Amino acid sequence: MNITRFCLYGFVALVLVWLVVPIIIVVPMSFSGARFLSFPPPSWSLRWYESYLGNPAWMQATKISLIVAGSSAVLATIMGTAAAYALNLTQSKLLRGLQVVLLLPLVVPIVITAVGIFLVYAQVGLLATMTGLILANVMLGLPYVVTSVLVSLRKFDPAQEMAALSLGMNRFRTFFAVTLPQIRSGVVSGLLFAFISALDETVVALFVSGGQYQTLTKRMFTSLRDEIDPTIAAISTLLTAVSLVIVVAASLSAWNAERRRAAAG
């Protein structure tokens, strides 16, 4: 092993440690029997999971987050898939510039995005509404869907669509019968990542959610101002577990699609 590869592996290992250490600390604290956050835990207990699951306010915030994440992920997937399909077909440089616009939420600092959304919502009356939360998260989820679906479309053979069209199918039916089954892994991956993005979003929620439409992440953030107890660690552990399961599911979906494509080829 040469020195360059050794340094690269060492750097990657350090990055992984940097990312994993907070999880290693938070997860044990969520099972702590102590009244306050402490590491290592002096005793073990499930009381903080019970505190979370038995608290109506936490459950209401969780319900709102799940509704917002699910709704925005579905809408972002429909709109993002349509946009990616159009971008893949067009030869217009002007329309291809639309891809840059769709990816802006990944480039613009989230605080600036949140302030912009807040100012617009204040004018149209969408602050502290379910509609406002869903629309904001649709915008934030679109880049993941567009990118994921475009990657799948780049691997798709357009000759199959042309064959279906030549046999009398219209464009709409051809997409669902021929194209969608072969880019399904990209669509599913985009859906899952859009869901994670909406479920974990905090900054925008701090600006636009409130009242009965307060998301779980905003309630977690605001509760830190009053009292820090291991309930936050328990919720963080559950959110991490959900995100991990979704990422693994997306990875398996992509892997199975590649395996089927390789077998067919």
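Note that the structure is predicted; figures quoted are calculated from it, not measured.
- The number of heavy-atom neighbours closer than 6.0 Å to CE of Met79, taken from other residues, nucleotides and ligands shown, is 12 or below.
- Pairs engaging residues 57-67 under the side chain to side chain donor-acceptor pair (under 3.5 Å) rule: Tyr52-Thr62 [sequence neighbours left out].
- Hydrophobic clustering (ILVMFWY, side-chain heavy atoms < 4.5 Å, transitive): Leu106 and Val100 are in distinct clusters.
- Ile78 and Val149 fall into different hydrophobic clusters, where Ile, Leu, Val, Met, Phe, Trp and Tyr side chains are chained together by heavy-atom contacts under 4.5 Å.
- In this structure, Ser243 OG and Ile196 CD1 are separated by 5.0 Å, a value rounded to the nearest 0.5 Å.
- Separation of atoms CG (Leu140) and CD1 (Ile117) is listed at 5.5 Å; rounding is to 0.5 Å.
- Ile232 CD1 to Trp48 CH2: the interatomic distance, rounded to the nearest 0.5 Å, is 10.5 Å.
- Listed by first and then second residue, the side chain to side chain donor-acceptor pair (under 3.5 Å) pairs involving residues 120-149 amount to none (not counting sequence neighbours).
- In this structure, Arg173 has no side chain to side chain donor-acceptor pair (under 3.5 Å) partners at least two apart in sequence or on a different chain.
- The ring pair (Phe, Tyr, Trp, His ring centres under 6.0 Å) pairs that include a residue from residues 63-85 are Tyr85-Phe175, where partners are two or more places apart or lie in different chains.
- Annotation: Phe31, atom CZ; neighbour count of heavy atoms from other residues, nucleotides and ligands within 6.0 Å is above 12.
- Residues meeting the side chain to side chain contact (heavy atoms under 4.5 Å, CB included) test with Thr237, sequence neighbours left out: Val26, Val27, Ser30, Tyr49.
- A distance of 8.5 Å separates OG of Ser236 from CG of Leu216, quoted to the nearest 0.5 Å.
- Taking Thr202 as the reference, nothing meets the side chain to side chain donor-acceptor pair (under 3.5 Å) condition, with sequence neighbours excluded.
- Here Val245 sits alone; no ILVMFWY side chain lies under 4.5 Å from its own, so it joins no hydrophobic cluster.
- Linking ILVMFWY side-chain heavy atoms closer than 4.5 Å, directly or via other members, places Leu191 and Leu135 in two distinct hydrophobic clusters.
- When all heavy atoms are compared, the tightest approach of Ser152 to Ile183 is CB-CB, 3.8 Å.
- Val124 and Val204 fall within the same hydrophobic cluster, defined by Ile, Leu, Val, Met, Phe, Trp and Tyr side-chain heavy atoms under 4.5 Å apart, directly or through other members.
- Atom CG of residue Leu180 and atom OG1 of residue Thr174 lie 12.5 Å apart, to the nearest 0.5 angstrom.
- Residues passing the side chain to side chain contact (heavy atoms under 4.5 Å, CB included) test with Ala69, sequence neighbours excluded: Phe195, Ala198, Leu199.
- With contacts defined as side-chain heavy-atom distances shorter than 4.5 Å, the pair Val208/Leu126 does not qualify.
- Here the closest non-hydrogen pair linking Ala76 and Gly141 is CB-C, 4.1 Å.
- In this structure, Val138 is a member of the same hydrophobic cluster as Met130, with clusters built from ILVMFWY side-chain heavy atoms closer than 4.5 Å.
- Using a 4.5 Å cut-off between side-chain heavy atoms of Ile, Leu, Val, Met, Phe, Trp and Tyr, Val12 falls into a hydrophobic cluster with Leu8, Leu16.
- Judged as a side chain to side chain contact (heavy atoms under 4.5 Å, CB included), and not counting sequence neighbours, Leu14 has no contacts.
- Using a 4.5 Å heavy-atom threshold, the side chains of Met220 and Leu239 count as touching.
- No side-chain donor-acceptor contact under 3.5 Å links Ser197 to the backbone of Phe193.
- Looking at every heavy atom in both residues, Ile134 comes nearest to Leu75 through CG2-CD1, 3.9 Å.
- Side-chain contact between Asn55 and Thr231: absent, with no pair of heavy atoms (C-beta onward) separated by less than 4.5 Å.
- Taking the side chain to side chain contact (heavy atoms under 4.5 Å, CB included) definition, one finds that Val15 meets it with Phe11, Leu19, sequence neighbours left out.
- Between Leu153 and Ala84, the shortest heavy-atom distance links the atoms CD1-O, 3.6 Å.
- Here CG of Leu206 is found 10.5 Å from CD1 of Ile110. Values are rounded to the nearest 0.5 Å.
- Applying the side chain to side chain donor-acceptor pair (under 3.5 Å) rule to pairs touching residues 205-220 yields Thr215-Thr217, sequence neighbours excluded.
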